[in-house]
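Predicted model, so just to flag it, every value in this text is computed and none were measured.
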Amino acid sequence: MPSFRSEPILWIHIAGLATLPIFLLLCLLFLSVGEPVLPVWIELLLVAAAGVIPLLWMQLRRPFYIYAILGIALKPENLTEQQRKILCLINTKLNRVLALLAAIVSFLVLWQLYQATPLVVSITSHLPQWRILGLILAALTFLASNLFLQIPVSVARILVTNDTEFAAIEPLPLEKINQDFTILGVRVNKILPQLPVKVKTEE
């Protein structure tokens, strides 16, 4: 049986980290639009709350079902035993702690972005200076950045699991998947093509 680390979906989610700088840059640009109409700490809390709380709540209560990308999700009944073992590693106390730490890091990054807004005002000066719209777009891009941080952090914990620990895990029962995970997207029978496995034969 191929190693659980060879699951393509794991590496697709890890690759999502590459989008993190893009969304943070967009967030910075939108934060620089218009003149503040509220005290700094209120604007910061509003953007942070919209960008952090929904995803943190999801990861703490019913973690993201990782067999889903781009609005489509693999039907739970089509998961292999190995894939259901992987889900067991997602819904753990350790992953909840990691989710909380990721949320704290995100907030600290947002604070640094807010401090850096004067550096990019000249770039956004040609845009309509509607502060409220800028804050809404900043919150949405910050939410996207958190999505592409929280999920890779959750997946990274799987990749560092040793083989002995993984072998001892009992596959998650099918009926628990819908109860314990947030499944987003249209459910399909297959997301990725099955990679051919070469079988060695004795000569």
(request) Evaluate the side chain to side chain contact (heavy atoms under 4.5 Å, CB included) criterion for residues Ile158 and Glu7: first the C-alpha distance (whole Å), next the side-chain angles of each, then the deciding distance (0.1 Å), finally the verdict. (result) CA-CA 11 Å; Ile158 298 168; Glu7 280 284 338; over 6 Å; no

(request) Measure the CG-CZ distance between Leu133 and Arg131 for me, rounded to the nearest 0.5 Å. (result) 11.0 Å

(message) Under the salt bridge (charged side-chain N to carboxylate O under 4.0 Å, His left out) definition, can you give me all pairs with a residue in residues 59-80, not counting sequence neighbours?
(response) none

(request) Would you kindly confirm whether Trp111 and Val52 end up in one hydrophobic cluster when ILVMFWY residues are joined by side chain heavy atoms under 4.5 Å apart? (result) yes

(request) Indicate whether the side chain of Thr161 and that of Arg157 have a donor and an acceptor atom separated by less than 3.5 Å. (result) yes

(request) Check Cys27 against Thr141 and note the closest heavy-atom contact, atom names and distance. (result) CA-OG1, 3.3 Å

(request) Might you point out which heavy atoms bring Arg84 and Pro173 nearest each other, and give the distance in Å? (result) NH1-CA, 4.3 Å

(message) Give me the atom names and distance for the closest heavy-atom approach of Ser145 to Leu20.
(response) O-CD1, 3.0 Å

(request) Show which residues join Ile53 in its hydrophobic cluster (side-chain heavy-atom contacts under 4.5 Å, direct or indirect), or state none. (result) none

(request) Nearest 0.5 Å please: distance from the OG1 atom of Thr19 over to the CG atom of Leu17. (result) 7.5 Å

(request) Please test Leu135 against Glu43 for side chain to side chain contact (heavy atoms under 4.5 Å, CB included), starting from the C-alpha separation and ending with a verdict. (result) CA-CA 8 Å; Leu135 290 177; Glu43 288 193 346; 3.7 Å; yes

(request) Walk me through it: do Gln82 and Phe166 pass the test side chain to side chain contact (heavy atoms under 4.5 Å, CB included)? (result) CA-CA 9 Å; Gln82 180 169 272; Phe166 187 81; 3.9 Å; yes

(message) Do Ile9 and Ile86 make a side-chain contact, defined as non-hydrogen atoms from C-beta onward lying under 4.5 Å apart?
(response) no

(request) Please tell me if the side chains of Thr182 and Leu184 come closer than 4.5 Å, counting only heavy atoms from C-beta onward. (result) yes

(request) Check whether any side-chain N or O of Arg187 sits under 3.5 Å from a backbone N or O of Ala73 as a donor-acceptor pair, and report yes or no. (result) no

(request) Side-chain contact test, heavy atoms from C-beta onward, threshold under 4.5 Å: evaluate it for Leu172 versus Phe181 and give yes or no. (result) yes

(message) Contact between Leu89 and Glu165 at the side-chain level, heavy atoms closer than 4.5 Å - yes or no?
(response) yes

(request) Report whether Val105 and Leu44 are members of the same hydrophobic cluster (ILVMFWY, side-chain heavy atoms less than 4.5 Å apart, transitive linking). (result) yes

(message) For the aromatic rings, using the six-membered ring if either is Trp, is the centroid distance between Phe23 and Phe142 under 6.0 Å?
(response) no

(message) Testing the basics here: between Ala138 and Phe30, what is the closest heavy-atom pair and its distance to 0.1 Å?
(response) N-CB, 3.7 Å

(request) Give the cluster check for Leu174 versus Ile169: same hydrophobic cluster or not, with ILVMFWY residues linked at side-chain heavy-atom distances below 4.5 Å. (result) yes

(message) Side-chain heavy atoms nearer than 4.5 Å, only ILVMFWY residues, links allowed to pass through others: does that put Val97 and Ile90 together?
(response) no

(request) Find out whether Pro63 and Asn95 are in side-chain contact, i.e. whether some heavy atom of one side chain is under 4.5 Å from a heavy atom of the other. (result) no

(request) Return the orientation label for the Phe64 and His13 ring planes: parallel under 30°, perpendicular over 60°, tilted otherwise. (result) perpendicular

(message) Would you say that Ser106 contacts Leu149 through its side chain, given a criterion of any heavy-atom pair below 4.5 Å between the two side chains?
(response) yes

Determine all donor-acceptor pairs shorter than 3.5 Å in which one atom belongs to a side chain in residues 31-42; sequence neighbours excluded.
unit_1	atom_1	unit_2	atom_2	d
Ser32	OG	Leu29	O	2.6
Ser32	OG	Thr124	OG1	2.9

(request) Can you see which heavy atom on Ser6 is nearest to which on Ser3, and at what distance? (result) OG-O, 2.6 Å

(request) Using a 4.5 Å cut-off on heavy atoms from C-beta on, say whether the side chain of Tyr67 contacts that of Leu87. (result) yes

(message) Tell me whether the count of non-hydrogen atoms from other residues, nucleotides or ligands lying under 6.0 Å of CD in Gln179 goes above 12.
(response) yes

(message) Does any part of the side chain of Leu101, heavy atoms only, come nearer than 4.5 Å to the side chain of Val153, both counted from C-beta?
(response) no

(message) Determine whether a donor-acceptor pair (N or O, by modelled atom type, separation under 3.5 Å) exists between the side chain of Ser154 and the backbone of Gln150.
(response) no

(message) For the CG atom of Leu10 and the CD atom of Gln83, what is their distance to the nearest 0.5 Å?
(response) 9.0 Å

(message) Under a 3.5 Å distance rule, please check whether Gln59 uses its side chain to pair with a backbone N or O of Leu56 as donor and acceptor.
(response) no

(request) Provide the closest heavy-atom pair for Val47 versus Ala139 in the form atom of the first, atom of the second, distance. (result) CG1-CA, 4.0 Å

(message) With clusters defined by side-chain heavy atoms of hydrophobic residues (ILVMFWY) lying less than 4.5 Å apart, directly or transitively, does Ile72 cluster with Leu74?
(response) yes

(message) Working note: Ile14 + Leu159, criterion side chain to side chain contact (heavy atoms under 4.5 Å, CB included); need CA distance, chi angles, decisive distance, verdict.
(response) CA-CA 10 Å; Ile14 289 291; Leu159 295 174; 3.9 Å; yes

(request) Find the distance between CG (Leu28) and OG1 (Thr117) and round it off to the nearest 0.5 Å. (result) 7.0 Å

